[in-house]
Amino acid sequence: MAKKKYKFAVIGTGMIANAAHLPALGNLARQGRAEVIGAADIREDALKETAARYNIPKIYTDPAKMLSELEPDVVSVCTPNAYHKKWSIEALRAGFDVICEKPLTVSLDDAKEMFAEADKNGKTLYPAQSMRWRNNMEYAKEVIAGGWIGTPYFCDISFIRRYGIPSWGMFHMKEHNCGGPFCDLGVHYLDALLWMTGNPKIISVSRNTYKKRAGKGEDVLFSVVESGAHGGLFTPRPYDYREFTVEEFAVGSMRLEGGFSVNFKLSWAVNLPYSGFSMSIVGEKGGLVIDKNMLISNVGRYQSDMELKPYDNRPGNEISFSQHWYMY
């Protein structure tokens, strides 16, 4: 039985569309499973360049016009965070399923409204919290579900970029992005943590945010790779440090039900060595260092640090543990 070929339209043709959504859709297109029929962006130069790169036949500087003229099965919303709700709801009301980039929204009430709109229209709203599908997160969920570390009671999450300010788009502007590294990095890892531990209820959150360096211009160096643009940049919006209105460094803690404590620190720019992502979860039977796939426990009277080496030899699944970009 032939599998359905889905038609996609994309709203927002910035870095995440070019580095994640469109390459993934290109893979599906080569399998005869997907076709991108249109794209929309308010930046006409970026829109035209993206359309040429991915052979997208229809382009619009007004997303509403695209939604009224085209008939996609699915709309990918890849806009800055502040516009996720608007364009997701517009696409759902137009009768299309939606894949929305993370964070879906920064308001619980807005998220409820968005899902209610999907239900009302009989459509699917899928938040692209793709960190859940990284190999190491899936393996960690399996280890935790298997009881190897016991009941989790502490987690430490860290992602330190020393010179990783996104110097493109509107990531650095609160009006458009709502927040800095917490919205960029933190939502991924906190979502993955809750998912792999059974979605425990959040009791309280405490945090501090800092902007000590980003507003000083030439004092801060920039690294495109360190800033998360693994796929490169094509038509970046000019960056002006004077527009920087979000945090550059966020630290905090959470209390979850059952006495589960979580610490986090997330940086775009800080005077610490670059360390990238690290995440550890502790239970009474053992601990799990997720970024190293390391199980910490005892064997008899000996301490043991065991590197877990998962294998998946099914055809098409020869993916190394270290491959960890977006896998839609």
Side-chain angles (χ1 to χ4, degrees), residues 16 19-21 23-24 27 99-104 111 125-161 164 181-202 205 226 228 230-231 250 252-254 256-258 260-267 274-283 285-297 305-314 316-328:
I16 200 62
H21 289 247
N27 288 336
I99 297 173
C100 180
E101 253 306 315
K102 58 80 189 171
L104 190 67
L125 171 62
Y126 181 86
Q129 294 288 173
S130 54
M131 205 61 61
R132 296 184 183 192
W133 316 128
R134 278 189 174 184
N135 292 339
N136 52 4
M137 298 299 184
E138 291 194 329
Y139 301 146
K141 181 176 176 65
E142 182 179 335
V143 168
I144 293 167
W148 293 13
I149 68 170
T151 302
Y153 62 85
F154 175 73
C155 177
D156 184 75
I157 299 171
S158 177
F159 201 121
I160 298 298
R161 294 176 179 169
F182 188 88
C183 283
D184 180 27
L185 305 169
V187 293
H188 262 319
Y189 298 109
L190 291 171
D191 172 78
L193 169 67
L194 296 174
W195 170 72
M196 70 177 65
T197 56
N199 291 308
K201 182 180 179 181
I202 299 172
V205 180
E226 196 171 320
H230 301 272
S253 61
M254 300 169 57
L256 309 181
E257 62 183 341
F260 193 167
S261 298
V262 181
N263 288 342
F264 60 85
K265 59 181 185 292
L266 308 152
S267 168
Y274 174 87
S275 59
F277 162 65
S278 65
M279 185 174 184
S280 301
I281 299 180
V282 176
K285 293 182 181 179
L288 184 61
V289 183
I290 293 175
D291 51 296
K292 296 181 179 178
N293 213 30
M294 187 76 69
L295 180 65
I296 311 297
S297 63
D305 300 350
M306 293 179 283
E307 182 182 357
L308 305 178
K309 294 185 176 181
Y311 291 90
D312 188 347
N313 294 323
R314 292 172 297 170
N317 285 279
E318 299 85 358
I319 299 175
S320 70
F321 177 75
S322 62
Q323 288 179 282
H324 59 269
W325 190 229
Y326 286 74
M327 296 181 183
Y328 293 107

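Distance CE/M279 to CG/L190: 7.5 Å, rounded to 0.5 Å. The line from CZ of R132 to CE of M137 is 11.5 Å long, rounded to the nearest 0.5 Å. Annotation: the span from L295 atom CG to E307 atom CD amounts to 11.5 Å, rounded to 0.5 Å. Note: N136 CG to L288 CG = 9.5 Å, rounded to the nearest 0.5 Å. Note that OG of S280 and CD1 of I296 are 8.0 Å apart. Values are rounded to the nearest 0.5 Å. With values rounded to the nearest 0.5 angstrom, I281 atom CD1 is found 5.5 Å from I149 atom CD1.
Here the closest heavy-atom approach between residue A111 and residue L104 is recorded as CB-CD2, 4.4 Å. S278 approaches D291 most closely through the heavy-atom pair CA-OD1, 3.4 Å. Smallest separation of non-hydrogen atoms from S158 and S275: OG-OG, 4.5 Å. Of all heavy-atom pairs spanning F264 and S253, the tightest one is CE2-N, 3.7 Å. The two residues P103 and Q129 make their nearest non-hydrogen contact at CA-OE1, 4.3 Å.
Within the 3.5 Å criterion, the main-chain N or O of R161 finds a donor-acceptor partner in the side chain of S267. Between the side chain of K141 and the backbone N or O of W195 there is at least one donor-acceptor pair closer than 3.5 Å.
Residues satisfying the side-chain contact (heavy atoms from CB on, under 4.5 Å) criterion with T151, sequence neighbours excluded, are E284. Annotation: ring pair (Phe, Tyr, Trp, His ring centres under 6.0 Å) contacts of W148 (sequence neighbours excluded): none. Partners of F277 under the ring pair (Phe, Tyr, Trp, His ring centres under 6.0 Å) rule, at least two apart in sequence or in another chain, are Y189.
Looking at heavy atoms from C-beta onward, D305 lies out of side-chain contact with V289 at the 4.5 angstrom threshold. For the pair C155 and F260, the minimum side-chain heavy-atom distance is below 4.5 Å. Here the side chains of I202 and M254 are in contact, with some heavy-atom distance below 4.5 Å. By the 4.5 Å heavy-atom criterion applied to side chains, N293 and Y139 are counted as neighbours. Two residues are said to be in side-chain contact when any heavy atoms from C-beta on lie closer than 4.5 Å; K102 and C183 fail this criterion.
Put simply, the residue from I157, D156, T197, V205 that forms a side chain to side chain contact (heavy atoms under 4.5 Å, CB included) with V262 is I157.
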